[in-house]
**Q** 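Quick one: the structure is below, questions incoming.
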Amino acid sequence: MQNREVQEERVFPDTREDAAERPQQRMMDLLHGALVTQLLVVAAEFDIAELLADGPVPVPELARRCGAHPQALRRVLRALAAQKIFREVEPETFALTPLAETLRAEVPGSVRNWVRFWGLPEKLQAINSLSYSVRTGRPTFPHVHGTDWWSHLAAHPEQAELFNDAMGDMARRAHAAAVENCDLTGVAQVVDVGGGQGHLLATILPRYPELRATLLDQPAVVRGAKAVLEAAGVADRVDVVGGDFFDSVPHGADAYLLSMILHDWDDRQCVAVLGSIRQVMAPDAQVIVIDAIVPEDDAPHDGKLRDTVMMALHPGRERTEAEFTALFAAAGLRHVATTGLAASTGLLVARS
């Protein structure tokens, strides 16, 4: 028996922890990340987290409620439980974990819409063909689908709705930090340029009772703003304008917000938007940009990965602080302040 134990130890010398540190295993874990993403998309699509909100549920009953094949659903949940996203509390009975809670629709910090957005087939096809962008320097999406991202959404209203919901999720996660770092004391009128359905204004305006705002975005987008603004009790202080910020920007405001806008566009387009704002902004007004600020070194940062998604979908990119400064200067603005908000987002202020 003793000899057998020695032999087994010699044949299998690595502990689980040692194996996890091997470069090969680390690489395999990274490759499996794409599988985990797709499993999360399935869990969000079938509303598994919502169905487990009241407690553990056996797989057969869970499958009946969501319209899934029991064995297939069990295999998905088993894989996700191995990632600590669900928990198998007894054989074939699963429960929520703190990670799985974020897949519920109405909880604070929900990312359910963001997960479902990640699963859009056309988006994934563009990312899977990223080598085209690496070879050419052009976005992959038009090459794969024959149209740009925004035109595609306009032609597919159900995907546009999911995109807007996902942007709302993302906006709500950044808004608490944005409000804390965005001082609008003394500002009478603010324009949210490309402000979607008004989630940022719905967060900021209650803090400044005298502040009025204009929300500018595409007509199809701002149609959903009324409910958001009314729920926040600020609809009477917001003028909702359907339009294109490349065509015109409301004039005379004291502050112009650009939240997660500039990263969609190339430098020339960004300078055009910023230049249009500079021409119509009030004296001493400020331009406030909320976007990823990519560090210059090799430190981990969400913006570095998100930048490759931008490469696939858009002509734009995530930028460093120096690159934002250059954009402001090219548009006749001065970069006067930068405030970090989170690992993936920052706030920059410019003046004329």
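Nothing here was measured: the structure is a model prediction, and the numbers come from that model.
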**Q** Do L124 and L162 belong together in a cluster built from hydrophobic side chains that touch within less than 4.5 Å?
**A** no

**Q** Could you grab the distance from atom CG of L274 to atom OG of S352, nearest 0.5 Å is fine?
**A**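 Taking CG in L274 and OG in S352, the distance rounds to 12.5 Å.
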
**Q** Are a donor atom and an acceptor atom from the side chains of H145 and E122 found within less than 3.5 Å of each other?
**A** no

**Q** Under 4.0 Å between a Lys/Arg side-chain N and an Asp/Glu carboxylate O for D217 and R223?
**A**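 Between R223 and D217 there is no salt bridge, as every charged N stays at least 4.0 Å from the carboxylate O atoms.
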
**Q** Going by atom types alone, do S133 and T140 pair a side-chain donor with an acceptor below 3.5 Å?
**A**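 Yes, side-chain donor-acceptor contact under 3.5 Å.
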
**Q** Which residue pairs pass the salt bridge (charged side-chain N to carboxylate O under 4.0 Å, His left out) test when at least one of the two sits in residues 199-215, sequence neighbours left out?
**A** R212-D239

**Q** Please assess L258 against I288 for the test side chain to side chain contact (heavy atoms under 4.5 Å, CB included), listing each intermediate value before the final yes or no.
**A** CA-CA 6 Å; L258 292 150; I288 301 168; over 6 Å; no

**Q** Rounded to the nearest 0.5 Å, what's the gap from CD on Q197 to CD on E161? Could you check?
**A**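 Nearest 0.5 Å value for the CD-CD distance: 8.5 Å.
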
**Q** Below 4.5 Å, heavy atoms only, C-beta onward: do V111 and W118 meet side chain to side chain?
**A** no

**Q** Any donor-acceptor pair under 3.5 Å linking the side chain of Q269 with the backbone of V273?
**A** no

**Q** Please name the pair of heavy atoms, one in G303 and one in A292, separated by the smallest distance, quoted to 0.1 Å.
**A**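 Heavy-atom minimum between the residues: CA-CB, 4.2 Å.
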
**Q** Is the terminal nitrogen or CZ of K123 (NZ for Lys, CZ for Arg) located under 6.0 angstrom from the six-membered ring centre of F117 and within 45° of that ring's axis?
**A** yes

**Q** I need the minimum non-hydrogen distance between P206 and A232, along with the two atoms involved.
**A** CG-O, 4.3 Å

**Q** Around D236, counting heavy atoms of other residues, nucleotides and ligands shown, do more than 12 lie under 6.0 Å from its CG?
**A**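 Buried by this count: over 12 neighbours within 6.0 Å.
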
**Q** Please test R319 against D307 for salt bridge (charged side-chain N to carboxylate O under 4.0 Å, His left out), starting from the C-alpha separation and ending with a verdict.
**A** CA-CA 8 Å; R319 294 176 170 89; D307 182 50; over 6 Å; no

**Q** Would you indicate whether the side-chain heavy atoms of T320 and P295 approach each other to under 4.5 Å?
**A**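 No. Closest side-chain heavy atoms not under 4.5 Å.
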
**Q** Look only at the side chain of T93 and the backbone of V89, and say whether a donor-acceptor pair between them is shorter than 3.5 Å.
**A** no

**Q** Sequence neighbours left out, what passes side-chain contact (heavy atoms from CB on, under 4.5 Å) with R104? Give chain and number order.
**A** A49, E50, A53, L96, E101, V107

**Q** Using the rule that two of Ile, Leu, Val, Met, Phe, Trp, Tyr join whenever any of their side-chain heavy atoms come within less than 4.5 Å, decide whether I277 and F324 are in one cluster.
**A**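 Yes: a chain of side-chain contacts under 4.5 Å links I277 to F324.
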
**Q** Could you walk me through whether L62 and F46 pass the side chain to side chain contact (heavy atoms under 4.5 Å, CB included) check?
**A** CA-CA 10 Å; L62 195 59; F46 283 85; over 6 Å; no

**Q** Looking at L205, is its backbone amide N or carbonyl O close enough to the side chain of R237 to form a donor-acceptor pair, meaning the two atoms are under 3.5 Å apart?
**A**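 Checked: pair present.
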
**Q** Yes or no on side chain to side chain contact (heavy atoms under 4.5 Å, CB included) for V249 and Y256, after CA distance, side-chain angles and deciding distance?
**A** CA-CA 10 Å; V249 179; Y256 288 80; 3.5 Å; yes

**Q** Do V287 and L333 have side chains that get closer than 4.5 Å, going by heavy atoms?
**A**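 Contact flag for V287/L333 side chains = yes.
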
**Q** With rounding to the nearest 0.5 angstrom, report the CD to CG distance, Q83 to L35.
**A**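 The distance works out to 9.5 Å.
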
**Q** Between E230 and A235, what is the shortest heavy-atom contact and its length?
**A** CG-CB, 3.6 Å

**Q** Answer whether the closest heavy-atom distance between the side chains of L130 and T308 falls below 4.5 Å.
**A** yes

**Q** Is it true that the side chains of H251 and S248 contain a donor and an acceptor less than 3.5 Å apart?
**A** no

**Q** Above 12 or not: heavy atoms from other molecules or residues under 6.0 Å from CD of E158?
**A** yes

**Q** Output all residues satisfying side-chain contact (heavy atoms from CB on, under 4.5 Å) with L153, sequence neighbours left out; order by chain, then residue number.
**A**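 Checked L153 against side-chain contact (heavy atoms from CB on, under 4.5 Å); matches are W149, W150, Q159, A160, F163.
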
**Q** Say whether V59 and I85 are linked into one hydrophobic cluster, either directly or through other cluster members, by side-chain heavy-atom distances under 4.5 angstrom.
**A**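 Yes, one cluster joins them.
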
**Q** Please determine whether the number of non-hydrogen atoms from other residues, nucleotides or ligands lying under 6.0 Å from atom CG of D284 exceeds 12.
**A**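 Open.
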
**Q** Between L262 and D291, which heavy-atom pair has the shortest distance, and what is it?
**A**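 Residues L262 and D291, closest heavy atoms: N-OD2, 3.5 Å.
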
**Q** One pair to check against salt bridge (charged side-chain N to carboxylate O under 4.0 Å, His left out): D47 and R112. What are the steps and the verdict?
**A** CA-CA 9 Å; D47 279 329; R112 177 181 178 273; 2.7 Å; yes

**Q** For the residue pair G194 and I261, what are the closest heavy atoms and their distance?
**A** O-CD1, 3.2 Å

**Q** Quick check for you: to the nearest 0.5 Å, what is the distance between T339 atom OG1 and N181 atom CG?
**A**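 It is 5.0 Å, given to the nearest 0.5 Å.
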
**Q** Looking at F141 versus H152, is the centre-to-centre ring distance below 6.0 Å?
**A** yes

**Q** So, do Q25 and D29 sit near enough that their side-chain heavy atoms are less than 4.5 Å apart?
**A** yes

**Q** Do L80 and F94 have side chains that get closer than 4.5 Å, going by heavy atoms?
**A**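 Counting from C-beta outward, L80 and F94 never come under 4.5 Å.
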
**Q** Working to the nearest 0.5 angstrom, can you tell me the gap between E61 CD and L51 CG?
**A**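 Reported value, rounded in 0.5 Å steps: 9.5 Å.
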
**Q** To the closest 0.5 Å, what do you measure between CZ (R278) and CZ (R351)?
**A** 15.5 Å

**Q** If only atom types and distance count, is the side chain of H314 paired as donor or acceptor with the main-chain N or O of G316 below 3.5 Å?
**A** no

**Q** Less than 3.5 Å apart, any donor N or O on the side chain of T214 or Q189 sitting next to an acceptor on the other?
**A** yes

**Q** Carefully, step by step, assess W114 and M167 under the rule side chain to side chain contact (heavy atoms under 4.5 Å, CB included).
**A** CA-CA 7 Å; W114 188 254; M167 294 304 104; 3.0 Å; yes

**Q** Tell me, do T102 and S110 make a side-chain contact under 4.5 Å, heavy atoms counted?
**A** no

**Q** Report whether L120 and L103 are members of the same hydrophobic cluster (ILVMFWY, side-chain heavy atoms less than 4.5 Å apart, transitive linking).
**A**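 In one cluster: yes.
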
**Q** According to a hydrophobic-cluster definition based on side-chain heavy atoms being under 4.5 Å apart (Ile, Leu, Val, Met, Phe, Trp, Tyr only), do L73 and L52 belong together?
**A** yes

**Q** Do Y208 and V187 have side-chain heavy atoms sitting under 4.5 Å apart?
**A** no

**Q** Is the backbone of H335 close enough, under 3.5 Å, to the side chain of T325 for a donor and an acceptor to pair up by distance?
**A**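 A pair under 3.5 Å: no.
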
**Q** Determine the minimum heavy-atom distance between A255 and L184, stating which atoms define it.
**A**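 For A255 and L184, the tightest heavy-atom pair comes out as CB-CD2, 4.2 Å.
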
**Q** Kindly say whether Y132 contributes a backbone atom to a donor-acceptor pair with the side chain of T136 at under 3.5 angstrom?
**A**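 Side chain of T136 to backbone of Y132: a pair is present.
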
